[in-house]
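Data first, discussion second: the structure below is written as structure tokens.
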Amino acid sequence: MSRYNPNEIETKWQARWEEEKPFAAVDNEDKPKMYLAEMFPYPSGAGLHVGHVRNFSIVDALTRFYMQNELNVLRPFGYDTFGLPAENYAIKTGIPPQEVTIENIDNFRRQAKRLGFAIDWSREISTSDPEYYKWTQWCFLQLYKKDLAYQAESYQWWCPVDQTVLANEQVENGHCWRCGSEVEKKKMKQWFFRITAYADELLDEIDALDWPEKIKVMQKNWIGRSEGAEVEFGVKASDEKIGVFTTRPDTLFGATFLVLAPEHPLVSKLVNDDTRRKVDQYRGEAMKKSEIERQENKEKTGVFTGSYAINPATGAEMPIWVADYVLMGYGSGAIMAVPAHDERDYEFAGKFELPIIKVIEKPENSNDDEACYSGEGKLVNSGVFNGRQSSEVREEMVAWIEGQGWGEKKVTYRMRDWLISRQRYWGAPIPIAYDKDGKVHAIPEDQLPVVLPVIDDYTPDNSGKSALAKHPEWTKVMVNGEEMTRETDTMDGYACSSWYLWRYCDPHNKYQAWDPKKVNYWAPTDIYCGGDHAVAHLLYIRFWTKFFADEGLLDFREPVKKLLYNGYINALDGKKMSKSKGNVIDPLDIVNQGYGADTLRTYELFIGPYELDAAWDTKAIGGVYRFLNRCYNLAFGDDTKCYKISARAVEVMRYKTIKKVTEDLRRNSFNTAVAALMEYVNGLYKDEYSSEDLIVLAKLMKPFAPHLACEILEKLEANDVWPEWDEKYLVEEMVEIVVQVNGKLRARVDVAAEKTKDVKELEAVVMADEKVKAQVGGKEVLKVIVVPRKRLVSLVVK
RNA sequence: GGGCGAGUGGCGGAAUUGGUAUACGCGGUGGACUUAAAAUCCGCUUCCCUUGCCGGAUUAUGGGUUCAAGUCCCAUCUCGCCCACCA
């Protein structure tokens, strides 16, 4: 008798798949299609980790399931290769990222193949390949042509030691988080994609998406639409006007002062000789703080400018203050303060003794704060609007404000335009050049790609430009017969991943980014699986879809039908796996220890619901190996145990298992599908099974353990077509009926199946049972509830 | 502070529409096989009382609806995630 040797079986089948290419997808075939993809990985030097394997195994199980269901399936694979690790490695070693990337890809590919994933390898792509980023640059130019890619000045945090831009989150107490040196604010001209042009559509279409609720909420929060009005306040003894955004125009009569953000450009015009010094000092301090710091300290601070505005509704004078609780980046950078109905304004008014006027009556049944009530209610002190309900009168008041010429209806968004400039070497160069007057010119499409040159030193300098700027031979370019200078910034890596799902459909097209006919056949992606990028990537890809649909190059407006957001795999102690903690599990180690790829993959699907984080358990993997070993032994062990015909109970179990595994795969419940297969195998060990049972077992386990499944199917000379079940085979001869008396389970009665169909007959059989009689004990039966479908009879006894 | 989600054995988890709570696996434990070990196979394994039966308790806590609640409703506690001075 042979022993289960996973590595022998797996290398045999992997060689065959390499040779026969059974996973190659056929474009435009007249068959229902299914397009599945995982979020493509960044190929790090460390190789695949167990998190990748979980992600890929989910997609693989579904890929094989739909292939066995005879759909036309596309499951491609690629690499998100631009990024900081390869560049930092290049700075340290001088080895070009191009070389390191190729090594890392080779390693990832080798590992993915060793795990036996059903990938169409002919469609492999890499974002740092000039053949790929040529078209990323082309996408940029399409956005540029439609004014959706534009340049703007913006303040960035700059570390003079690391010579790089820092994100707000990377500045602590005015110091660089890495080296501790004091950071500067640097005004830099940056490229942006105008994602806000699609803000409404991006928001409105979220509800209809078959995506996890958590992701949908995050995207909604991120876009952050608020509806309200922009109201202009005249400044006393001046021609200046101050525009403020408010979501509560109904509280206009209660606005008693204005507050401007420290960065607000009008502040310098509002100060006088008495207030200038104090205001300037306050502004200086506020500008030094990072936004994080400004938000951490919630104690209100501020200074009076010396000027007054006029409330147009009441004619009252409103002192104008400067305070850092008002943010320049939102709305107009100025607010009308309504201290009676806004907690922040209330706190500020209390601290600086500013007037508070109540304009909304708190309903009597409300438990909210009396002094500062931010809910809805009847208006008071509001002229003609007195007595009206605040929520109802809001739109009317906006119309009134518009009619008076004081302002207009306005919608604002929390989402900013997408800053895509990076002062880094290892990204797709922005395909732009500047003439001698500094005017912007697009690189003509026939001059793409703008190839990233291999250079000798990748270290950035303090010019705020990438290392490319130090290469005049590269930056010099002829555009339309004129000598120009190239843009030396590269694009955010998220630009490269914003269209790769379409490139997969037409990966080798030399003349187009994609052929719309091919993309419209495969896309939108039916199932997209990943465990990261809840907002950024998944929002950007939606933005580009809408844009290219408007361009007529796609005939759908949402890129992903169903999103599976899988959880992380943590170390045994529940902590994140990391090299520094030394708790990393290398998936290939598990394979090579003798467990094999089938065990690893099945284990990672059995570990728990796919959407939850899970803790790696080195011992539990042995249980999955034992399961596969039992499968092997059924097929390749003692043939005399395999009967011509299955026992009746086994046959019923076979169909039950087909139903359970099919339904579980349809609802992505991989862990329970594996459990059902384990139960089935345990059942086969205990009763008379036939080769039909083994064929069904192999077919059902193929999505999880494809190598062993193929080995078994080959021996039994069977195909892998997904088996079907018929409800009529699920009927057992005897049915156990559960009897509850006064809500407690008191008896189990075996009843012939045909007697359970009729409610009256079932009741009679159950009531005649000795044990039931004993439980009832001659007492009066008040009520009998018979639920044949649930195999249950519930008695209410006096 | 606001929003959302979760809480089930020693552990990971199952229970899909309100209908047998604890499937499946790990761990533990007893046995078979073996000179022995490993591997494999077969039991037992929520807790309490009990040799066993019978019985009782149990899905974070407290209440409620129902013939019936892990599941629905209310309150409380704990944890997780997201947002957060966004006007």
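Proteins come first, then strands; the chains are lettered A, B, ... in the order of their sequence lines, and each starts at number 1. All figures in this text were calculated on a predicted structure; none of them were measured in a lab.
For rG52(B), the base is anti relative to its sugar; the glycosidic angle deviates from 0 by more than 90°.
To the nearest angstrom, C1' of rC24(B) lies 14 Å from CG of Leu628(A). One interatomic measurement links the two molecules: CD of Glu611(A) to P of rA14(B), which rounds to 8 Å at whole-angstrom precision. Residue Arg626(A) contributes atom CZ, which lies 11 Å from atom C1' of rU40(B) at whole-angstrom precision.
In the interface, the side chain of Lys660(A) is paired with the base of rU16(B) through a donor and an acceptor atom under 3.5 Å apart. Counting atom types as modelled, Arg630(A) pairs no side-chain N or O with a base atom of rU40(B) as donor and acceptor under 3.5 Å. Remark: the Gln740(A) side chain and the rG19(B) base include a donor-acceptor N/O pair separated by less than 3.5 Å.
Enclosure of atom NZ in Lys351(A) by more than 12 non-hydrogen atoms of other residues, nucleotides or ligands within 6.0 angstrom is indicated.
Helical stems in RNA chain B, defined as runs of 3 or more consecutive Watson-Crick or G-U wobble pairs with both donor-acceptor distances under 3.5 Å, are listed by first residue as B:1-7 with B:77-83, B:10-12 with B:24-26, B:27-32 with B:40-45, B:46-48 with B:55-57, B:60-64 with B:72-76.
Taking every side-chain heavy atom of Arg789(A) into account, rU17(B) is the closest of rA87(B), rG19(B), rU17(B). For Ala675(A), the side-chain atoms get nearest to rA23(B) when compared with the rest of rG25(B), rA87(B), rA23(B). In this structure, the nucleotide among rG13(B), rG19(B), rC82(B) sitting nearest to the side chain of Leu792(A) is rG19(B). Comparing rC42(B), rU17(B), rG13(B) by their nearest atom to the side chain of Pro609(A) picks out rG13(B). Among the nucleotides rG43(B), rG12(B), rC85(B), the one closest to any side-chain atom of Phe606(A) is rG12(B).
The separation of rG70(B) from rA60(B), taken at their P atoms, amounts to 10 Å, rounded to a whole angstrom. A gap of 12 Å separates the C1' atoms of rG9(B) and rG27(B), to the nearest Å.
When all heavy atoms of Met415(A) and Ala199(A) are compared, the closest pair comes out as CE-CB, 3.7 Å.
Here Phe348(A) lies out of heavy-atom contact (under 4.0 Å) with every strand.
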Donor-acceptor list for residues 676-683 of chain A side chains, cut-off 3.5 Å, not counting sequence neighbours:
residue	atom	partner	partner atom	Å
Tyr680(A)	OH	Asp693(A)	O	3.1
Tyr680(A)	OH	Asp693(A)	OD1	3.0
Asn682(A)	OD1	Arg630(A)	NH2	3.0
Asn682(A)	ND2	Met678(A)	O	3.4

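The six-membered or imidazole ring of Phe606(A) lies away from that of Phe704(A), with a centre-to-centre distance of 6.0 Å or more.
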